[in-house]
Protein chains: 2
Amino acid sequence: MADTTKEKIIDLADHLIRTKGFNAFSYADISAPLAIKNAAVHYHFPTKGDLGISVIERELKNLALHIRKWEKMPEDQQLKKLIDIFQQRSKLGTICLVGSLTPDYDTLPAPMQAKVQEMCTGILQWMTQCLEKGRAQQRLHFEGEAYDRALMVLSNLLSSLLFSRVLGGSTFQRMSKQLAKDLI
Amino acid sequence: MADTTKEKIIDLADHLIRTKGFNAFSYADISAPLAIKNAAVHYHFPTKGDLGISVIERELKNLALHIRKWEKMPEDQQLKKLIDIFQQRSKLGTICLVGSLTPDYDTLPAPMQAKVQEMCTGILQWMTQCLEKGRAQQRLHFEGEAYDRALMVLSNLLSSLLFSRVLGGSTFQRMSKQLAKDLI
DNA sequence: AAATATACTGACTAATTAGTAAGTAAGCAA
DNA sequence: TTGCTTACTTACTAATTAGTCAGTATATTT
């Protein structure tokens with residue numbers, strides 16, 4: 001996994017954001033498990049917002065890496081790959097960054113708000129393209145603008161993780177299957 | 001509005017949960033605007049969890065009141081009424097309790113987790129019935145189990161509020177119109 | 001060998017947090 | 001009028017919060 005302290009901090013912060021939310025974890029929640037002092041966390045990330053931004057940026061890079069890996073696959077398969085990633089999250093009981101950070105949006109420091117915005121528009125941009133191309137090749141079927149459909153799909157993926165934690169594991173399966181049925 | 005202090009506290013807590021989230025507001029955020037001491041808030045609601053539960057219970061009662069009011073309307077109209085409520089929220093820039101509290105689920109005190117669960121299952125139960133009856137009368141059209149569709153609809157309503165705060169006001173219109181188109 | 005940068009620790013701080021306990025003023029009931 | 005309840009205030013506490021700053025050991029560079 002992560003070998004440097006900095007990467008370990010990002011790893012832990014990522015997990016805490018996905019389980020407890022940005023406002024419910026503290027520097028102590030990070031320093032204690034890593035057996036370092038809270039000042040060491042501040043050394044790498046002066047403010048909590050800086051840490052949050054790094055978590056988002058890493059997620060964005062990872063996502064970009066996946067997307068590049070899927071480039072040559074047909075669009076319906078690319079979408080299924082994305083659903084697979086969410087299924088893994090569902091098994092771990094962790095939610096996605098969009099689902100965790102957008103509810104807290106008003107409380108986030110301004111630079112982090114900008115990053116959250118960037119994350120949302122970035123994911124939606126990719127998904128819009130994916131849906132558009134998939135429809136052109138008749139591998140995906142839906143009505144309306146591709147961007148509007150992208151909003152609905154991201155909505156369903158995000159909520160499937162929220163709901164499955166509250167209502168139980170089968171909820172993810174129900175929603176992801178319905179989502180696939182509706183589009184393919 | 002609210003005339004008793006207790007009702008004013010619930011009102012404010014409701015607003016704070018919808019804007020900042022349950023973990024990002026404090027007793028001071030409630031006592032200061034009401035010009036009372038924080039101990040007065042503890043008098044009415046011994047713990048923060050008690051306050052959270054009261055906020056959910058009031059929402060559940062309000063929702064039940066609305067639903068009873070819509071009883072004689074055709075199901076597609078009932079659904080539109082619900083969308084109207086979300087549109088008002090969107091204008092105010094506030095999110096719904098499901099969208100605010102499910103991301104924080106793991107951090108909530110156990111009795112409040114139970115209430116959040118109750119709220120989710122309650123809303124889904126009503127929506128499942130509404131969709132089922134609407135389909136039987138051919139006023140609503142969709143494939144798959146009504147419960148699965150209810151999950152998707154709640155997902156889209158909840159996310160439309162999250163997204164519209166981050167991406168701008170037109171996002172709600174896009175999503176709610178697409179939602180209506182897909183079902184009617 | 002000397003200077004500099006990296007990655008921390010130790011020891012703080014000022015503010016905020018949820019929550020408590022004792023007291024009090026006003027209204028109502030017996 | 002005495003006692004009880006309601007709705008608070010005053011005055012706390014112990015814990016936690018993000019963040020700071022001066023120091024230090026270890027590499028790395030010059």
Side-chain angles (χ1 to χ4, degrees), chain A residues 1-17 19-56 58 100-101 104-113 115-116, chain B residues 1-17 19-56 58 100-101 104-113 115-116:
Chain A
M1 305 254 166
D3 31 286
T4 71
T5 299
K6 194 170 184 176
E7 282 167 337
K8 283 179 197 165
I9 293 171
I10 295 179
D11 258 8
L12 237 175
D14 181 280
H15 188 255
L16 287 164
I17 289 174
T19 48
K20 309 181 73 179
F22 187 74
N23 290 315
F25 83 88
S26 69
Y27 274 68
D29 291 325
I30 289 179
S31 55
L34 298 181
I36 56 176
K37 302 298 161 184
N38 101 44
V41 185
H42 278 285
Y43 167 75
H44 291 289
F45 306 98
T47 72
K48 209 183 171 186
D50 294 323
L51 177 51
I53 286 173
S54 286
V55 168
I56 299 174
R58 194 190 58 162
S100 175
L101 296 174
D104 293 342
Y105 190 73
D106 284 0
T107 72
L108 302 176
M112 212 181 144
Q113 287 187 337
K115 265 290 163 209
V116 169
Chain B
M1 305 251 170
D3 32 287
T4 70
T5 300
K6 194 170 184 175
E7 282 167 336
K8 283 179 196 165
I9 293 171
I10 296 179
D11 257 8
L12 237 175
D14 180 280
H15 188 254
L16 287 164
I17 290 174
T19 48
K20 308 180 74 178
F22 187 74
N23 290 314
F25 83 88
S26 71
Y27 274 68
D29 291 324
I30 289 179
S31 55
L34 298 181
I36 56 176
K37 302 298 161 184
N38 102 46
V41 185
H42 278 285
Y43 167 75
H44 291 288
F45 305 97
T47 71
K48 208 182 172 187
D50 293 323
L51 177 50
I53 286 173
S54 286
V55 168
I56 299 175
R58 194 190 57 162
S100 175
L101 296 174
D104 293 341
Y105 189 72
D106 284 359
T107 73
L108 302 176
M112 211 181 146
Q113 286 187 337
K115 266 291 164 209
V116 169

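Below, chains carry the letters A, B, ... as their sequence lines are ordered, and counting in each starts from 1.
The side chain of B/His44 has D/dC8 as its nearest neighbour among D/dC8, D/dT10, C/dC8.
Taking the screw axis at each terminus of the helix from C/dA1-D/dT30 to C/dA30-D/dT1 from five consecutive base pairs, the angle between the two is 0° to within rounding of 10 degrees.
Atoms OG and CG, on B/Ser100 and B/Asn23 in that order, are 9.0 Å from each other to the nearest 0.5 Å. Note that the CD1 atom of A/Ile56 and the CD1 atom of A/Ile10 stand 11.5 Å from one another [nearest 0.5 Å]. Put simply, CE on B/Met112 and OH on B/Tyr105 are 11.0 Å apart, with the number rounded to the nearest 0.5 Å.
For the salt bridge (charged side-chain N to carboxylate O under 4.0 Å, His left out) test, no residue two or more places apart in sequence or in another chain qualifies with A/Asp50. Legend: residues meeting side-chain contact (heavy atoms from CB on, under 4.5 Å) with B/Asp29, ordered by chain and number and at least two apart, are B/Leu16, B/Lys20, B/Phe25, B/Ser26. Qualifying salt bridge (charged side-chain N to carboxylate O under 4.0 Å, His left out) partners for A/Lys8, counting only residues two or more places apart in sequence or in other chains: none. The ring pair (Phe, Tyr, Trp, His ring centres under 6.0 Å) check on B/Phe45 picks up nothing, with sequence neighbours excluded.
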(Q) At under 4.0 Å between heavy atoms, how does the protein contact nucleotides 12-27 of chain D? Give one character per nucleotide, 5' to 3', with B, S or -. (A) -----SSBBB------

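Atom NZ in B/Lys37 sits roughly 17 Å away from atom C1' in C/dA22 (whole-Å rounding). Atom-to-atom, CD1 of B/Ile30 to C1' of C/dA18 comes out at 12 Å; the value is rounded to the nearest Å.
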Pairs under 3.5 Å (N/O, protein and nucleotides 4-6 of chain C):
none

Which donor-acceptor pairs under 3.5 Å do the side chains of residues 31-44 of chain A make with protein atoms, sequence neighbours left out?
unit_1: A/Ser31; atom_1: OG; unit_2: A/Tyr27; atom_2: O; d: 3.1
unit_1: A/His42; atom_1: ND1; unit_2: A/Pro46; atom_2: O; d: 2.8

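Between A/Thr5 and C/dA7, a side-chain N or O to OP1/OP2 separation shorter than 4.0 Å is absent.
Taking the side chain as every heavy atom from C-beta outward, B/Pro109 and B/Thr47 never approach each other to under 4.5 Å.
For the pair A/Lys115 (side chain) and A/Val55 (backbone), a donor-acceptor distance under 3.5 Å is absent.
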